[in-house]
Amino acid sequence: MKTHTHPLLQTLNAQQQAAVAAPDGPALVLAGPGSGKTRVLTHRIAWMLAEMRVAPWHVLAVTFTNKAAREMRARLDKMLGDDSAKSLTIGTFHAACARILRREAVAAGLSNNYLIFDTDDQLNVMKQVVKDLALDDKRYRPKSLLNAVSAAKNELIPPTAYPVQTYYDEVVARAYARYQDTLRKSDGLDFDDLLMETATLLRRDDLVRDKYRGRYRHLLVDEFQDTNMAQYVILHLLAQEHRSLYVVADEDQSIYSWRGADYRNIQRLREDFPEVQQHLLEENYRSTQVILDGAQAVIAQNTDRTPKHLFTRGRGGDRIMLHEAYDEREEADFVVREIMTLARSGYAYSDIAVMYRTNAQSRALEEACVRYNVPYRLIGATRFYARKEIKDVLAYLRLAQTPDDDVSFMRVVNVPTRGLGARTLAVVAEAANALEGSRFQGALHLLEQGTLASRATKALKTFVGMVTRWQQLRTEVSVAQLLDAILADTGYEGYVRDGSDDGESRWENIQALRAVVAEAPDVTLPEFLTDVALVADIDELSEEVRAVTFLTLHSAKGLEYPVVFLTGLEEGLLPHSRSMDSAQQVAEERRLLYVGMTRAEKRLYLTYAFRRGWGQYSSSGDPSAPSRFLSDLPDAVLDRPRRAKKRSETAGTRSWGASWRDSAVRTPATSSRAHTPAPAPQLHYRQGQRVRHTHYGEGIVLESQMDGRSEMVTVLFTNGIGAKRLLASMAPMEPISAH
DNA sequence: TGACGCAAGTTTTTT
DNA sequence: ACTTGCGTCA
């Protein structure tokens, strides 16, 4: 039997084989967590090339992140052995659409050098719109207007068709129209536009549609449950003829409905492609039986899902550790101490991940890591391309390409300060409005007229002159050289490097950007700007770090770790208080927990705190109840070290919620003292004290304790250096505050 | 133009 | 509680 198995299928289980070797035509692969869906996807592509005689350039595979795309391409590269992987189109929806629009700019009614506006730019545009329309920015907050606009775009609703039921809708419709206008005047598209414009183009233009149907005859989609309406329409339009649409989905991992993802697309697919072949992947290769049982127990409570029978060969396993902490500090303490124990027993720090619902929760964990000297890395904190200095430099580059980009113009027209204050800029804006043109055009006009005050004229001339020069330069030199010219012209280096360490690190960031540019000497400016906009992070792939990973439940999707800690399992946090209004939202919160639990391979910890310092943004005292989801976990999979195992009442939130009050042993005071021993009198430094170090600058003492006969002090330096453990008697450091 | 003080907003995130 | 953004004042 086995001897007849095709080499490509040999390492796969029966369900995977069936999915990989499925006949041509629409296919829906419903894959549980850890069931090898990425493997199936890559093997399917290899299968199509080898067995179905599909040419690689007819294949389009879409993923949701660049990282996923990169990984898929790398795997295929290895698997195929030749360079046919190079001819495959693998990328995010947005990247694929950006390429199509660039190529079909004329048909789409766009410029082929359009800029992509990120969230930050969008907000700037919308703020301007609110001002232009003289709206009250309290009642109509730019952010919520943008949400409405984004939702409309996801549903392919143009401004003219925006449904108006209430007065608020009416305002949204006006803001939407104006926003779109403003955006296009700057030759910009936002992320949603990339999808919407592509969908409408394919829908409207038969020629273009046929062209891409012919080009991308075989479509594959990862994380299909996260597609939105616009994405579905694109797929539908492209796949209608050849009907080779292969999608992988897991309804139970749908956690992005708040940004337009619609898992009902699975149902739509079944309706639009009634001949669709369905495959299940139910064998889990990741987790132990216990972890899988726990996760299943949680997700089973959701209705409106296809029940799956997930199983694993890994029998048994350690029970899921449940820990009730007194507060967030003690929770973090528990987690980090446990991590140290695990590290001593042979786990690498990189085997361990700590997950939470909100980013704010990372703080206590970081502090604990610093206290115990445990290395960690934080995922998704500040993104490289969102940094001020990077956005500034990118704004110059954008102006070199598109001087009419008002957002970039306003961003850097007076950076570094060159005497162009609010007054002058108001005149420029006025001139632009009169011309019905951009700020840049307005500025040009003013300079021609010579009506400005001489000081303002001089400053404006300098700026306009620079931009004009760059505009010329960009056609002659590489992006790297252009960047150098910009930095020299603006004196940006002197502006950022103000002598502070913060300034140094900002300059380093610019150097990093410079390095990225220099690495690809053939990339043109429009290409570079597109890449930058579509890539979240410069060092997305700094993996293999010897550190514990901290990340939100959302960013954990698709990852796996031998050990996982899920923290803050409390009512109000998970489910989040902002998601408790509707059953649908609570169901999504439950899926979030499910995603988190199923990231774990060997050991899973669930923790919650009796009270959380910043409670409901208000007073620091309200006790929090354990998450309702915890009561769905059967006792058989749980290990509760701090609590008696017997529970007479039926399992439920209530009975656990009272535990701290029941025992009444630990008052807040005793508890916190237990973790911060009163400093012994001979210590030179105290927790919370501000200090100045001759090399590292200013910082704050996180901990100071006697280690043998010497005082070890842990200081968190404020200027990006991070935490250091220092020997008090040796360090060139002084207290600068008394307490 | 820069520093300071007050108010308001705090889920999740890719592209 | 805490950050962040905006407006005012010097």
Side-chain angles (χ1 to χ4, degrees), chain A residues 62-69 91-99 116-124 127 137-138 141-144 147 150 153-154 189-196 198 222-223 226-228 230-231 254-261 328 355-364 379-383 385-386 388 414-424 459 498 530-537 540 551-558 568 572-581 585 588-589 591-593 595-596 612-622:
Chain A
V62 280
T63 59
F64 272 80
T65 64
N66 290 302
K67 191 171 166 226
T92 62
F93 262 108
H94 291 85
C97 289
R99 220 170 305 133
I116 296 171
F117 278 40
D118 69 14
T119 332
D120 206 50
D121 305 323
Q122 285 179 276
L123 197 60
N124 284 324
K127 278 181 185 162
D137 63 357
K138 302 268 151 47
R141 276 188 283 116
K143 257 202 189 133
S144 44
N147 280 336
S150 174
K153 289 183 177 181
N154 284 334
L189 297 187
D190 64 23
F191 290 125
D192 299 317
D193 281 335
L194 293 173
L195 304 175
M196 180 170 77
T198 305
D222 194 12
E223 307 275 16
D226 286 334
T227 51
N228 62 30
Q231 289 163 331
S254 158
I255 53 174
Y256 284 112
S257 72
W258 50 273
R259 62 178 208 215
E328 57 182 339
M355 305 176 187
Y356 34 78
R357 177 66 228 267
T358 69
N359 277 312
Q361 289 167 255
S362 72
R363 184 103 168 232
I379 305 259
T382 22
R383 269 180 273 168
Y385 288 117
K388 269 191 214 79
N414 200 28
V415 176
T417 322
R418 49 177 76 89
L420 286 168
R423 279 186 98 93
T424 315
D498 54 3
T530 305
D531 288 352
V532 162
L534 293 178
V535 170
D537 229 315
E540 244 180 358
L551 71 179
T552 64
L553 288 166
H554 280 91
S555 41
K557 194 163 74 155
L573 226 36
L574 190 77
H576 196 274
S577 52
R578 303 261 296 229
S579 295
M580 296 203 302
D581 313 333
Q585 286 182 307
E588 182 148 318
E589 298 284 305
R591 291 194 289 270
L592 212 38
L593 174 58
V595 166
R612 212 157 268 277
W614 31 276
Q616 210 59 313
Y617 311 130
S618 59
S619 66
S620 57
D622 301 340

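The analysis underlying the following values was restricted to heavy atoms, covering all of them including side chains, and did not include hydrogens, waters or symmetry mates. Predicted, not measured: the structure shown is a model, and the values here were computed from it. Reminder, nothing fancy here: chain letters follow the sequence lines and each chain counts from 1.
- If you find the closest nucleotide of DNA chain B to A/Glu588 and to A/Asn414, the one lying nearer the 5' end belongs to A/Asn414.
- Across B/dT10, B/dT12, B/dT15, the shortest atom-to-atom separation from the side chain of A/Thr552 is found for B/dT12.
- A straight line from NZ of A/Lys67 to P of B/dT15 spans 11 Å, rounded to a whole angstrom.
- Contact between the side-chain N/O atoms of A/Ser577 and the OP1/OP2 oxygens of B/dT11 is not found at any separation under 4.0 Å.
- On a pure distance criterion of 3.5 Å, a polar donor-acceptor pair joins the side chain of A/Arg357 and the base of B/dT11.
- The side-chain hydrogen bond (donor to acceptor under 3.5 Å, both in side chains) test with A/Lys153 singles out one residue from A/Asp193, A/Asp192, A/Asn228, and that residue is A/Asp193.
- A/Val595 is linked by a side-chain contact (heavy atoms from CB on, under 4.5 Å) to A/Gln253, A/Ile255, A/Lys557, A/Arg599, counting only residues two or more places apart in sequence or in another chain.
- Between the base of B/dT15 and the side chain of A/Thr119 there is a donor-acceptor pair shorter than 3.5 Å.
- Taking the P atom of each, B/dT12 and C/dG5 are spaced 16 Å apart, rounded to whole Å.
- You'll find that the side chain of A/Arg259 is closest to B/dT14, out of C/dC2, B/dT1, B/dT14.
- Judged by distance alone, the side chain of A/Asp137 and the main-chain N or O of A/Lys127 form no donor-acceptor pair under 3.5 Å.
- Rounded to whole Å, atom P of B/dT14 lies 12 Å from atom NE2 of A/His94.
- Straight-line distance from the CZ atom of A/Arg141 to the C1' atom of B/dA7: 13 Å, rounded to whole Å.
- With rounding to whole Å, A/Leu592 atom CG is found 15 Å from B/dT11 atom P.
- Between the P atom of B/dT12 and the NE2 atom of A/His576 lies a distance of 7 Å, rounded to the nearest Å.
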Throw together a table of side-chain donor-acceptor distances under 3.5 angstrom for residues 415-423 of chain A, partners on residues two or more places apart or in other chains.
unit_1, atom_1, unit_2, atom_2, d
A/Arg418, NH1, A/Val412, O, 3.0
A/Arg418, NH1, A/Val413, O, 2.6
A/Arg418, NH2, A/Val415, O, 3.3

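- Distances from the side chain of A/Thr65 to the nucleotides B/dT11, B/dT15, B/dT13 place B/dT15 closest.
- No side-chain donor-acceptor contact under 3.5 Å links A/Gln122 to the backbone of A/Asp190.
- Across the protein-nucleic acid pair, A/Trp258 atom CH2 and B/dT14 atom C1' stand 8 Å apart, rounded to whole Å.
- With distances taken from any side-chain atom of A/Thr92 to the nucleotides C/dC2, B/dT15, B/dT13, the minimum falls on B/dT15.
- A straight line from CD of A/Gln361 to C1' of C/dA1 spans 15 Å, rounded to a whole angstrom.
- Comparing B/dT11, B/dT13, C/dC6 by their closest approach to the side chain of A/Thr358 singles out B/dT11.
- Between B/dT12, B/dT11, B/dA8, one nucleotide has an atom nearer to the side chain of A/Lys138 than all others, and that is B/dA8.
- Along DNA chain B, the nucleotide closest to A/Ala95 and the one closest to A/Glu589 are compared, and the more 5′ of them pairs with A/Glu589.
- Expressed to the nearest 0.5 Å, how far OH of A/Tyr356 lies from CZ of A/Arg363 amounts to 13.0 Å.
- Rounded to an integer number of Å, the gap from A/Tyr256 OH to B/dT15 P is 9 Å.
- A distance of about 14 Å separates the P atoms of C/dT4 and B/dT11, rounded to the whole Å.
- Across all strands, A/Ser579 comes closer than 4.0 Å to base atoms (heavy-atom distances).
- Considering only side-chain atoms of A/Asn359, the nucleotide from B/dT1, B/dT13, B/dA8 that sits closest is B/dT13.
- At least one side-chain nitrogen or oxygen of A/Lys127 sits closer than 4.0 Å to the OP1 or OP2 atom of C/dC6.
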